[in-house]
S.K.: 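After the C-alpha coordinates below, expect a handful of questions from me.
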Amino acid sequence: MIDKKERIKIAIQKSGRLTEHSLELLRQCGLKYTRGRDQLIGFGENMPLDILLVRDDDIPGLVRDDVCDLGIVGLNIVEECRLGYVAAGQAQPFSIARRLDYGHCRLSFGYPEDGPVQSVADLAGRRVATSYPNTVRDYLQRQGIAAEVVEFSGAVEIAPSLGRADAICDLVSTGTTMAANKLREGETILDSEAVIVKTPVALPAEKQAWVDRLLQRIDGVMQVRESKYIMMHAPKSALAEITSLLPGSEAPTVLPLEGRDDKVAVHVVCRETVFWETLENLKSAGASSVLVVPVEKMLA
Ligand code: ATP
Ligand code: ZN
(Lines give C-alpha, C1' and ligand atoms only; values in the text may rest on other atoms or scores of the structure.)
(Ligands and ions follow the chains in the order given, each with its own letter.)
Protein backbone atom coordinates (compact mmCIF):
# COMPACT_ATOMS: atom_id res chain seq x y z
CA MET A 1 0.00 0.00 0.00
CA ILE A 2 1.24 3.44 -0.85
CA ASP A 3 1.83 5.84 2.02
CA LYS A 4 -0.75 8.63 2.33
CA LYS A 5 1.80 11.33 1.63
CA GLU A 6 2.69 9.55 -1.58
CA ARG A 7 -0.78 10.06 -2.97
CA ILE A 8 -1.24 12.71 -5.62
CA LYS A 9 -3.89 15.31 -4.94
CA ILE A 10 -5.56 16.97 -7.87
CA ALA A 11 -7.93 19.93 -7.42
CA ILE A 12 -10.81 20.34 -9.84
CA GLN A 13 -13.90 22.54 -9.94
CA LYS A 14 -16.63 21.25 -7.62
CA SER A 15 -19.60 22.38 -9.61
CA GLY A 16 -19.44 24.45 -12.76
CA ARG A 17 -18.56 24.48 -16.40
CA LEU A 18 -15.33 22.49 -16.02
CA THR A 19 -16.55 19.80 -13.61
CA GLU A 20 -18.02 17.20 -15.95
CA HIS A 21 -15.20 17.41 -18.49
CA SER A 22 -12.53 17.23 -15.80
CA LEU A 23 -14.03 14.16 -14.12
CA GLU A 24 -14.52 12.54 -17.52
CA LEU A 25 -10.87 13.20 -18.41
CA LEU A 26 -9.69 11.50 -15.20
CA ARG A 27 -12.02 8.56 -15.87
CA GLN A 28 -10.66 8.25 -19.39
CA CYS A 29 -7.17 8.14 -17.85
CA GLY A 30 -8.33 4.97 -16.10
CA LEU A 31 -9.09 6.42 -12.67
CA LYS A 32 -11.81 4.78 -10.63
CA TYR A 33 -12.82 6.75 -7.55
CA THR A 34 -15.38 6.84 -4.79
CA ARG A 35 -16.77 10.09 -3.45
CA GLY A 36 -16.34 10.79 0.25
CA ARG A 37 -19.49 11.34 2.29
CA ASP A 38 -19.07 15.14 2.15
CA GLN A 39 -18.65 14.88 -1.64
CA LEU A 40 -15.56 17.07 -1.42
CA ILE A 41 -13.02 14.34 -2.04
CA GLY A 42 -12.89 11.57 -4.61
CA PHE A 43 -10.66 8.74 -3.40
CA GLY A 44 -8.78 6.99 -6.19
CA GLU A 45 -9.27 3.23 -5.95
CA ASN A 46 -6.86 2.01 -8.58
CA MET A 47 -4.29 4.83 -8.61
CA PRO A 48 -2.60 6.73 -5.77
CA LEU A 49 -4.55 9.83 -6.79
CA ASP A 50 -7.28 11.70 -4.91
CA ILE A 51 -9.54 14.42 -6.28
CA LEU A 52 -10.32 17.57 -4.29
CA LEU A 53 -13.52 19.27 -5.42
CA VAL A 54 -13.29 23.01 -4.77
CA ARG A 55 -14.25 26.42 -6.19
CA ASP A 56 -12.24 27.10 -9.32
CA ASP A 57 -10.85 30.35 -7.90
CA ASP A 58 -9.20 28.40 -5.06
CA ILE A 59 -7.34 26.00 -7.34
CA PRO A 60 -4.19 28.05 -8.11
CA GLY A 61 -3.75 28.81 -4.39
CA LEU A 62 -4.08 25.14 -3.41
CA VAL A 63 -1.38 24.21 -5.92
CA ARG A 64 0.85 27.11 -4.90
CA ASP A 65 0.54 26.25 -1.21
CA ASP A 66 1.36 22.64 -2.01
CA VAL A 67 -1.94 21.38 -0.63
CA CYS A 68 -2.48 19.87 -4.08
CA ASP A 69 0.12 18.66 -6.55
CA LEU A 70 -2.02 19.31 -9.61
CA GLY A 71 -5.07 21.35 -10.52
CA ILE A 72 -7.39 21.67 -13.47
CA VAL A 73 -8.60 25.22 -14.02
CA GLY A 74 -9.26 27.80 -16.72
CA LEU A 75 -6.23 29.57 -18.14
CA ASN A 76 -8.09 32.83 -17.41
CA ILE A 77 -7.82 32.16 -13.67
CA VAL A 78 -4.24 30.90 -13.88
CA GLU A 79 -3.16 33.99 -15.79
CA GLU A 80 -4.94 36.38 -13.42
CA CYS A 81 -3.26 34.71 -10.48
CA ARG A 82 0.17 34.58 -12.15
CA LEU A 83 0.06 38.31 -12.97
CA GLY A 84 -0.81 39.00 -9.33
CA TYR A 85 2.45 37.31 -8.34
CA VAL A 86 4.40 39.14 -11.03
CA ALA A 87 2.99 42.49 -9.80
CA ALA A 88 4.04 41.60 -6.24
CA GLY A 89 7.53 40.60 -7.45
CA GLN A 90 7.05 37.02 -6.29
CA ALA A 91 8.25 33.77 -7.83
CA GLN A 92 6.15 31.68 -10.23
CA PRO A 93 3.81 29.67 -8.02
CA PHE A 94 3.05 26.88 -10.52
CA SER A 95 3.61 25.79 -14.08
CA ILE A 96 1.17 24.83 -16.83
CA ALA A 97 1.69 21.15 -17.60
CA ARG A 98 -0.90 20.70 -20.38
CA ARG A 99 -3.62 22.58 -22.22
CA LEU A 100 -6.72 20.41 -22.22
CA ASP A 101 -8.80 21.67 -25.16
CA TYR A 102 -12.10 22.11 -23.34
CA GLY A 103 -13.70 25.04 -21.47
CA HIS A 104 -12.84 27.33 -24.35
CA CYS A 105 -13.75 30.98 -23.86
CA ARG A 106 -12.16 34.38 -24.34
CA LEU A 107 -11.61 37.42 -22.15
CA SER A 108 -12.93 40.35 -24.19
CA PHE A 109 -13.89 43.97 -23.78
CA GLY A 110 -17.57 44.86 -24.04
CA TYR A 111 -18.71 48.34 -24.99
CA PRO A 112 -22.20 49.79 -24.42
CA GLU A 113 -23.69 49.91 -27.91
CA ASP A 114 -24.56 53.59 -27.84
CA GLY A 115 -21.73 54.74 -25.51
CA PRO A 116 -18.70 56.91 -26.28
CA VAL A 117 -16.23 54.04 -25.74
CA GLN A 118 -15.97 51.71 -28.73
CA SER A 119 -12.34 50.57 -28.55
CA VAL A 120 -9.47 50.21 -26.09
CA ALA A 121 -8.06 53.54 -27.28
CA ASP A 122 -11.29 55.30 -26.17
CA LEU A 123 -10.81 53.96 -22.63
CA ALA A 124 -8.17 56.55 -21.67
CA GLY A 125 -9.34 58.34 -18.55
CA ARG A 126 -12.41 56.12 -18.24
CA ARG A 127 -13.47 53.11 -16.14
CA VAL A 128 -13.58 49.43 -17.06
CA ALA A 129 -15.30 46.83 -14.85
CA THR A 130 -13.89 43.31 -14.63
CA SER A 131 -13.34 40.26 -12.43
CA TYR A 132 -9.84 40.01 -13.96
CA PRO A 133 -8.16 43.23 -12.72
CA ASN A 134 -4.55 42.00 -13.04
CA THR A 135 -5.04 40.74 -16.58
CA VAL A 136 -6.85 43.88 -17.70
CA ARG A 137 -4.31 46.22 -16.03
CA ASP A 138 -1.46 44.31 -17.65
CA TYR A 139 -3.10 44.60 -21.07
CA LEU A 140 -3.90 48.31 -20.70
CA GLN A 141 -0.37 48.99 -19.56
CA ARG A 142 1.07 47.20 -22.58
CA GLN A 143 -1.25 49.26 -24.82
CA GLY A 144 -0.19 52.46 -23.05
CA ILE A 145 -3.76 53.32 -21.99
CA ALA A 146 -4.37 54.91 -18.59
CA ALA A 147 -7.83 53.78 -17.47
CA GLU A 148 -9.33 52.96 -14.09
CA VAL A 149 -9.97 49.27 -13.47
CA VAL A 150 -13.02 48.67 -11.27
CA GLU A 151 -13.08 45.21 -9.72
CA PHE A 152 -16.39 43.32 -9.84
CA SER A 153 -16.73 39.82 -8.49
CA GLY A 154 -19.84 38.92 -10.49
CA ALA A 155 -22.46 40.31 -12.87
CA VAL A 156 -19.84 42.48 -14.53
CA GLU A 157 -22.09 42.96 -17.54
CA ILE A 158 -24.50 45.19 -15.61
CA ALA A 159 -21.76 47.60 -14.41
CA PRO A 160 -22.27 50.09 -17.30
CA SER A 161 -26.05 50.29 -16.83
CA LEU A 162 -25.48 50.86 -13.09
CA GLY A 163 -23.26 53.79 -14.02
CA ARG A 164 -20.23 52.08 -12.44
CA ALA A 165 -18.13 51.76 -15.59
CA ASP A 166 -17.85 52.86 -19.23
CA ALA A 167 -16.94 49.41 -20.48
CA ILE A 168 -16.38 45.89 -19.20
CA CYS A 169 -13.89 43.09 -19.76
CA ASP A 170 -15.34 39.63 -19.21
CA LEU A 171 -15.40 36.01 -20.34
CA VAL A 172 -17.34 35.29 -23.49
CA SER A 173 -18.08 32.05 -25.25
CA THR A 174 -21.12 32.63 -27.42
CA GLY A 175 -21.52 36.37 -26.86
CA THR A 176 -25.21 36.14 -25.94
CA THR A 177 -24.72 37.59 -22.42
CA MET A 178 -23.03 40.69 -23.79
CA ALA A 179 -25.67 41.09 -26.50
CA ALA A 180 -28.48 40.69 -23.95
CA ASN A 181 -26.97 43.57 -21.99
CA LYS A 182 -26.62 45.79 -25.08
CA LEU A 183 -22.86 45.45 -25.15
CA ARG A 184 -20.77 45.05 -28.28
CA GLU A 185 -17.83 42.67 -27.99
CA GLY A 186 -14.51 44.38 -28.67
CA GLU A 187 -10.86 43.34 -28.43
CA THR A 188 -10.01 39.91 -26.99
CA ILE A 189 -7.14 39.98 -24.52
CA LEU A 190 -6.89 36.26 -23.70
CA ASP A 191 -7.98 33.02 -25.36
CA SER A 192 -8.69 30.56 -22.58
CA GLU A 193 -9.22 26.84 -22.14
CA ALA A 194 -8.89 24.41 -19.23
CA VAL A 195 -5.28 23.68 -18.30
CA ILE A 196 -3.55 21.42 -15.82
CA VAL A 197 -1.26 23.25 -13.42
CA LYS A 198 1.54 21.64 -11.48
CA THR A 199 3.26 22.51 -8.22
CA PRO A 200 6.79 23.90 -8.60
CA VAL A 201 7.86 21.77 -5.62
CA ALA A 202 9.94 18.69 -6.47
CA LEU A 203 7.97 15.52 -5.77
CA PRO A 204 9.23 12.23 -4.33
CA ALA A 205 10.29 9.93 -7.18
CA GLU A 206 7.38 7.53 -6.90
CA LYS A 207 4.83 10.32 -6.86
CA GLN A 208 6.53 12.06 -9.78
CA ALA A 209 6.39 8.81 -11.73
CA TRP A 210 2.60 8.70 -11.27
CA VAL A 211 2.27 12.36 -12.28
CA ASP A 212 4.27 11.61 -15.44
CA ARG A 213 2.10 8.60 -16.09
CA LEU A 214 -1.09 10.61 -15.68
CA LEU A 215 0.18 13.31 -18.05
CA GLN A 216 1.11 10.65 -20.60
CA ARG A 217 -2.37 9.18 -20.34
CA ILE A 218 -3.87 12.65 -20.78
CA ASP A 219 -1.81 13.03 -23.97
CA GLY A 220 -3.23 9.71 -25.13
CA VAL A 221 -6.81 10.72 -24.31
CA MET A 222 -6.41 14.00 -26.17
CA GLN A 223 -4.95 12.28 -29.20
CA VAL A 224 -7.72 9.73 -29.51
CA ARG A 225 -10.41 12.43 -29.30
CA GLU A 226 -9.75 13.21 -32.95
CA SER A 227 -8.06 10.01 -34.02
CA LYS A 228 -9.64 7.47 -36.34
CA TYR A 229 -8.49 4.14 -37.65
CA ILE A 230 -9.12 3.99 -41.38
CA MET A 231 -9.21 0.81 -43.46
CA MET A 232 -9.71 0.65 -47.21
CA HIS A 233 -8.90 -1.18 -50.40
CA ALA A 234 -6.67 0.76 -52.76
CA PRO A 235 -5.18 0.27 -56.23
CA LYS A 236 -1.42 -0.25 -55.85
CA SER A 237 -0.90 2.39 -58.52
CA ALA A 238 -2.69 5.03 -56.41
CA LEU A 239 -1.00 4.26 -53.11
CA ALA A 240 1.14 7.40 -53.00
CA GLU A 241 -1.81 9.68 -53.76
CA ILE A 242 -4.05 7.96 -51.23
CA THR A 243 -1.42 8.19 -48.48
CA SER A 244 -1.03 11.91 -49.15
CA LEU A 245 -4.78 12.43 -48.66
CA LEU A 246 -4.83 11.01 -45.13
CA PRO A 247 -4.64 13.77 -42.51
CA GLY A 248 -2.08 13.53 -39.72
CA SER A 249 -1.15 9.93 -40.36
CA GLU A 250 2.07 8.01 -40.01
CA ALA A 251 3.25 5.41 -42.53
CA PRO A 252 0.28 3.19 -43.45
CA THR A 253 0.18 -0.58 -43.04
CA VAL A 254 -0.19 -2.14 -46.50
CA LEU A 255 -1.49 -5.71 -46.68
CA PRO A 256 -2.01 -8.02 -49.64
CA LEU A 257 -5.55 -8.94 -50.69
CA GLU A 258 -6.21 -12.59 -51.41
CA GLY A 259 -6.40 -13.22 -55.15
CA ARG A 260 -5.78 -9.60 -56.16
CA ASP A 261 -2.53 -8.32 -57.65
CA ASP A 262 -3.74 -4.84 -58.48
CA LYS A 263 -5.18 -3.89 -55.09
CA VAL A 264 -4.00 -3.86 -51.48
CA ALA A 265 -5.60 -3.18 -48.09
CA VAL A 266 -4.42 0.03 -46.42
CA HIS A 267 -4.77 0.56 -42.66
CA VAL A 268 -3.80 3.81 -41.03
CA VAL A 269 -4.32 5.88 -37.86
CA CYS A 270 -5.29 9.47 -38.61
CA ARG A 271 -4.68 11.93 -35.79
CA GLU A 272 -6.83 14.69 -37.19
CA THR A 273 -10.52 14.96 -37.91
CA VAL A 274 -11.53 12.85 -40.88
CA PHE A 275 -14.11 14.78 -42.87
CA TRP A 276 -16.56 13.45 -45.45
CA GLU A 277 -14.54 15.43 -47.97
CA THR A 278 -11.46 13.33 -47.21
CA LEU A 279 -13.45 10.14 -47.82
CA GLU A 280 -14.80 11.49 -51.09
CA ASN A 281 -11.29 12.40 -52.21
CA LEU A 282 -10.09 8.90 -51.28
CA LYS A 283 -12.86 7.41 -53.36
CA SER A 284 -12.00 9.63 -56.34
CA ALA A 285 -8.40 8.45 -56.02
CA GLY A 286 -9.59 4.85 -56.40
CA ALA A 287 -10.11 3.69 -52.81
CA SER A 288 -13.06 1.38 -52.08
CA SER A 289 -14.59 -0.28 -49.00
CA VAL A 290 -13.46 2.64 -46.83
CA LEU A 291 -14.13 2.07 -43.15
CA VAL A 292 -13.52 4.68 -40.42
CA VAL A 293 -13.53 3.48 -36.82
CA PRO A 294 -12.93 5.39 -33.57
CA VAL A 295 -9.77 4.75 -31.59
CA GLU A 296 -10.34 3.99 -27.93
CA LYS A 297 -6.86 4.21 -26.46
CA MET A 298 -3.47 5.24 -27.76
CA LEU A 299 0.03 5.16 -26.29
CA ALA A 300 2.53 6.98 -28.41
P1 ATP B 1 -17.01 28.52 -9.00
O2 ATP B 1 -18.26 28.30 -8.21
O3 ATP B 1 -16.18 27.27 -9.07
O4 ATP B 1 -16.24 29.74 -8.59
P5 ATP B 1 -17.53 30.02 -11.46
O6 ATP B 1 -18.91 30.54 -11.52
O7 ATP B 1 -16.41 30.94 -11.15
O8 ATP B 1 -17.52 28.74 -10.51
P9 ATP B 1 -17.92 28.80 -14.09
O10 ATP B 1 -18.90 29.77 -14.62
O11 ATP B 1 -18.35 27.40 -13.83
O12 ATP B 1 -17.10 29.37 -12.85
O13 ATP B 1 -16.71 28.77 -15.15
C14 ATP B 1 -15.56 28.01 -14.92
C15 ATP B 1 -14.60 28.26 -16.06
O16 ATP B 1 -15.18 27.85 -17.28
C17 ATP B 1 -14.19 29.69 -16.32
O18 ATP B 1 -13.17 30.15 -15.43
C19 ATP B 1 -13.68 29.62 -17.73
O20 ATP B 1 -12.35 29.13 -17.77
C21 ATP B 1 -14.59 28.54 -18.37
N22 ATP B 1 -15.64 29.08 -19.26
C23 ATP B 1 -15.96 28.58 -20.49
N24 ATP B 1 -16.94 29.28 -21.07
C25 ATP B 1 -17.27 30.25 -20.23
C26 ATP B 1 -18.23 31.33 -20.27
N27 ATP B 1 -19.03 31.52 -21.31
N28 ATP B 1 -18.33 32.13 -19.20
C29 ATP B 1 -17.55 31.93 -18.13
N30 ATP B 1 -16.61 30.95 -18.06
C31 ATP B 1 -16.47 30.13 -19.09
ZN1 ZN C 1 -15.10 30.94 -9.77
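Order of listing sets the numbers, starting from 1, for every ligand and every atom in it.
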S.K.: May I ask you to say whether Arg99 pairs ionically with Asp101, meaning some side-chain N is under 4.0 Å from a carboxylate O?
M.R.: no
S.K.: When you measure from atom 30 (N) of ligand 1 to every protein heavy atom, which one gives the shortest distance, and what is it?
M.R.: Leu171 CD1, 3.3 Å
S.K.: Out of Ile77, Thr174, Asn76, who is nearest to atom 19 (C) of ligand 1 when you count heavy atoms only?
M.R.: Asn76
S.K.: Based purely on interatomic distance, does Asp57 place a nitrogen or oxygen under 3.5 Å from a nitrogen or oxygen of ligand 1?
M.R.: yes
S.K.: Under the side-chain contact (heavy atoms from CB on, under 4.5 Å) rule, what do Leu49 and Leu214 come out as? Steps first, then yes or no, please.
M.R.: CA-CA 10 Å; Leu49 185 148; Leu214 182 71; 3.7 Å; yes
S.K.: Please determine if Arg127 and Asp166 form a salt bridge, counting it only when a charged side-chain N lies under 4.0 Å from a carboxylate O.
M.R.: yes
S.K.: Starting from atom 1 (P) of ligand 1, find the nearest protein heavy-atom neighbour and note its residue, name and distance.
M.R.: Asp56 OD1, 3.4 Å
S.K.: How close do Thr135 and Leu107 get, counting heavy atoms only, and between which atoms?
M.R.: CG2-CD2, 3.8 Å
S.K.: Using a strict 4.0 Å cut-off to heavy atoms of His104, name the atoms of ligand 1 that fall inside it.
M.R.: 23 (C), 24 (N)
S.K.: Give the atom numbers and elements of ligand 1 that come within less than 4.0 Å of a heavy atom of Gln13.
M.R.: 1 (P), 3 (O), 5 (P), 8 (O), 9 (P), 11 (O), 12 (O), 14 (C)
S.K.: Atom CD of residue position Gln90 - does it have more than 12 heavy atoms of other residues, nucleotides or ligands inside 6.0 Å?
M.R.: yes
S.K.: With respect to the Zn ion (ligand 2), what is the nearest N, O or S atom of Asp56?
M.R.: OD1
S.K.: What atoms of ligand 1 come closer than 4.0 angstrom to any heavy atom of Gly16?
M.R.: 11 (O)
S.K.: Ignoring hydrogens, what is the shortest heavy-atom contact between Pro116 and Arg126? Give both atom names and the distance.
M.R.: CG-NH1, 3.8 Å
S.K.: Could Asp219 and Arg98 be called an ion pair, given the rule that one side-chain N must be under 4.0 Å from one carboxylate O?
M.R.: yes
S.K.: For atom 27 (N) of ligand 1, which protein heavy atom lies nearest, and how many Å away is it?
M.R.: Ser173 OG, 2.6 Å
S.K.: Mind checking whether Lys14 has a heavy atom under 4.0 Å from ligand 1?
M.R.: no
S.K.: Just to be sure I read this right, does ligand 1 sit under 4.0 Å from the backbone of Leu18, its side chain, both, or neither, counting only heavy atoms?
M.R.: side chain
S.K.: Please report whether atom 6 (O) of ligand 1 has a protein non-hydrogen atom at a separation of less than 4.0 Å.
M.R.: no
S.K.: Hey, are Gln118 and Arg184 close enough side-chain-wise for a donor-acceptor pair under 3.5 Å?
M.R.: yes
S.K.: Mind checking whether Tyr102 and His21 have parallel, tilted or perpendicular rings, split at 30° and 60°?
M.R.: parallel
S.K.: Judged on heavy-atom distance to atom 24 (N) of ligand 1, which of Ala194, Gly175, Cys105 sits nearest?
M.R.: Cys105
S.K.: Compare Glu80, Arg17, Glu193 and give the one whose heavy atom is closest to atom 25 (C) of ligand 1.
M.R.: Arg17
S.K.: Nearest protein heavy-atom contact for atom 2 (O) of ligand 1: which residue, which atom, what distance?
M.R.: Arg55 NE, 3.6 Å
S.K.: Could you check which N/O/S atom of Asp57 is closest to the Zn ion (ligand 2)?
M.R.: OD1
S.K.: List ligand 1 atoms under 4.0 Å from Gly74, heavy atoms only on the residue side.
M.R.: 20 (O)
S.K.: Just checking Phe109 against Tyr139, ring centres under 6.0 Å apart?
M.R.: yes
S.K.: Using a distance-only test with no angle check, is there a side-chain donor-acceptor pair under 3.5 angstrom linking Lys228 and Thr273?
M.R.: no
